[in-house]
Amino acid sequence: MKRILVFGGKGQLGQCLAKVAQERNMIEMFLFLSQEEGDILDEISLSLLFHRENPEYVINCAAYTAVDQAENERDLCELINKTGSINLAKYCQEIKATLIHISTDFVFEGNIPHLLNEESPTNPINVYGRTKLDGELGIARLLNEHIIIRTSWLYSEIGNNFMKTMKRLASERTELGVIVDQAGTPTYAIDLANTIIDIVKLNHHKYGVYHYSNEGVASWYDFAKAIFDISQIKIKLNPIYTSAYPTKAKRPMYSVMDKTKIKSTFELQIPYWRDSLVKCIEELNKIS
Ligand SMILES: NC(=O)c1ccc[n+]([C@@H]2O[C@H](COP(=O)([O-])OP(=O)(O)OC[C@H]3O[C@@H](n4cnc5c(N)ncnc54)[C@H](OP(=O)(O)O)[C@@H]3O)[C@@H](O)[C@H]2O)c1
């Protein structure tokens with residue numbers, strides 16, 4: 001197989017992909033690009049890069065991911081999440097590469113408590129979600145050879161995420177309030193990285209939108225409680241309601257995704273979120 005380019009290679013998911021590629025003895029197939037090495041907004045450099053490397057697959061882990069800050073930086077967020085994604089689709093089309101693009105459960109409004117499948121109507125309620133949806137639509141319009149994976153609540157031993165924030169806050173405080181009335185599914189970025197590599201290896205050409213998270217349902221409170229229990233951290237954890245904790249960007253109240261399509265298409269088994277959290281905390285303990 002030809003080279004695989006990974007944009008956003010130094011972000012959380014990009015680094016998890018590198019870790020998994022290393023473990024699976026596939027690292028030499030990949031080129032992981034930092035923002036400086038592969039700026040998805042720099043069309044001249046992109047053109048040179050695509051024609052020089054002539055990849056078979058391009059994986060886009062690059063994104064503007066600061067959900068609250070996006071409400072004040074709409075233009076920058078739109079440039080990266082919409083225009084940048086469309087740029088990649090354009091060059092993939094030019095050299096006949098497949099684009100694997102990562103999107104989010106935040107494309108949904110999440111106002112009804114039922115499982116969201118790939119056909120469920122989208123209706124983002126914040127700038128980040130809107131720009132991610134525009135990126136998806138732009139890619140689908142330009143390039144048939146795309147696999148868009150919507151995921152949720154990513155965490156891992158690498159990079160910044162909710163799990164790391166909880167552990168840090170627990171070292172600074174004796175008591176913590178965490179949102180109990182938003183439901184979703186935590187996703188171990190290493191599990192997602194393994195799935196992306198499984199999809200590349202299968203090389204099925206089964207294009208379209210897919211949902212991927214770990215199995216199960218949790219609130220942020222449940223997630224935090226599990227982090228503290230597994231890490232044996234003693235802290236008073238208080239459930240709080242969204243109405244008592246206003247944020248700049250609104251979040252979906254319920255964004256649990258149906259994974260039937262990705263599981264059946266690529267014959268995948270998806271781990272339960274708490275089992276993956278145990279593995280992640282074991283990994284974190286090894287490196288800290
Ligand atoms: N994190 C979550 O909870 C979550 C949930 C659902 C979906 N997702 C999606 O999953 C994907 C991966 O997320 P993540 O957690 O790995 O995010 P992340 O850690 O914030 O990584 C994003 C990366 O994109 C890079 N980037 C920003 N602008 C760029 C540009 N113009 N050109 C090239 N690279 C650029 C950033 O580089 P710098 O570090 O140099 O700025 C960063 O390394 C994203 O598409 C995100 O929308 C994430």
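Values reported hereafter were calculated over all heavy atoms of this structure, with side chains retained and with hydrogens, waters and symmetry mates removed. Each ligand, and each atom within it, is numbered from 1 in the order the structure gives.
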Engineer: We want to know whether E145 and Y57 form a side-chain donor-acceptor pair, criterion being a heavy-atom distance below 3.5 angstrom.
Structural biologist: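 Note: E145 and Y57 side chains miss the donor-acceptor criterion.
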Engineer: Step by step, work out the ring-ring contact (aromatic ring centres under 6.0 Å, His included) result for F108 and H211.
Structural biologist: CA-CA 12 Å; F108 296 109; H211 285 178; 5.6 Å; yes
Engineer: If we set the cut-off at 4.0 Å for heavy atoms, which region of K10 has an atom near ligand 1: side chain, backbone, both, or neither?
Structural biologist: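 The answer is the backbone of K10.
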Engineer: One residue to check: C61. Relative to ligand 1, which of side chain, backbone, both or neither has a non-hydrogen atom less than 4.0 Å away?
Structural biologist: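 Backbone only; the side chain of C61 stays clear of ligand 1.
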Engineer: Determine whether the side chain, the backbone, both or neither of I80 has a heavy atom under 4.0 Å from any heavy atom of ligand 1.
Structural biologist: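 Under 4.0 Å from ligand 1, I80 contributes side-chain atoms alone.
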Engineer: Minimum distance, heavy atoms only, to atom 6 (C) of ligand 1: which one of L192, T151, T65 is it?
Structural biologist: T151
Engineer: Nearest protein heavy-atom contact for atom 29 (C) of ligand 1: which residue, which atom, what distance?
Structural biologist: Q35 CD, 3.5 Å
Engineer: What atoms of ligand 1 come within less than 4.0 Å of a heavy atom belonging to A62?
Structural biologist: 24 (O), 33 (C), 34 (N), 35 (C)
Engineer: Please state which protein non-hydrogen atom is closest to atom 5 (C) of ligand 1 and give its distance, to 0.1 Å?
Structural biologist: W153 N, 3.8 Å
Engineer: Parallel, tilted or perpendicular: which describes the rings of W220 and F162, with under 30° parallel and over 60° perpendicular?
Structural biologist: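 If you compare the ring of W220 with that of F162, the planes turn out tilted.
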Engineer: Starting from atom 3 (O) of ligand 1, what is the nearest protein heavy atom, named by residue and atom, and what distance separates them?
Structural biologist: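 For this ligand atom, the closest protein heavy atom is L154 N, 3.0 Å.
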Engineer: Give yes if a backbone or side-chain nitrogen or oxygen of Y128 is under 3.5 Å from a nitrogen or oxygen of ligand 1, and no if not.
Structural biologist: yes
Engineer: Report the part of F7 in contact with ligand 1, treating N, CA, C, O as backbone and CB onward as side chain, heavy atoms under 4.0 Å; options are side chain, backbone, both, neither.
Structural biologist: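 Answer for F7: neither.
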Engineer: Among all protein heavy atoms, pick out the one at the shortest distance from atom 11 (C) of ligand 1; state its residue, atom name and that distance to 0.1 Å.
Structural biologist: I102 CG2, 3.7 Å
Engineer: Under 4.0 Å from atom 39 (O) of ligand 1, is there any protein heavy atom?
Structural biologist: no
Engineer: Checking the N or O distance criterion of under 3.5 Å, is ligand 1 in contact with L41?
Structural biologist: no
Engineer: Should you measure from each heavy atom of G38, which atoms of ligand 1 turn up under 4.0 Å away?
Structural biologist: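 This gives 32 (N), 33 (C) as the contact atoms.
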Engineer: For H204 and F266, take the angle between the two ring planes, folded into 0 to 90°, and tell me which bin it lands in: parallel under 30, tilted 30 to 60, perpendicular over 60.
Structural biologist: parallel
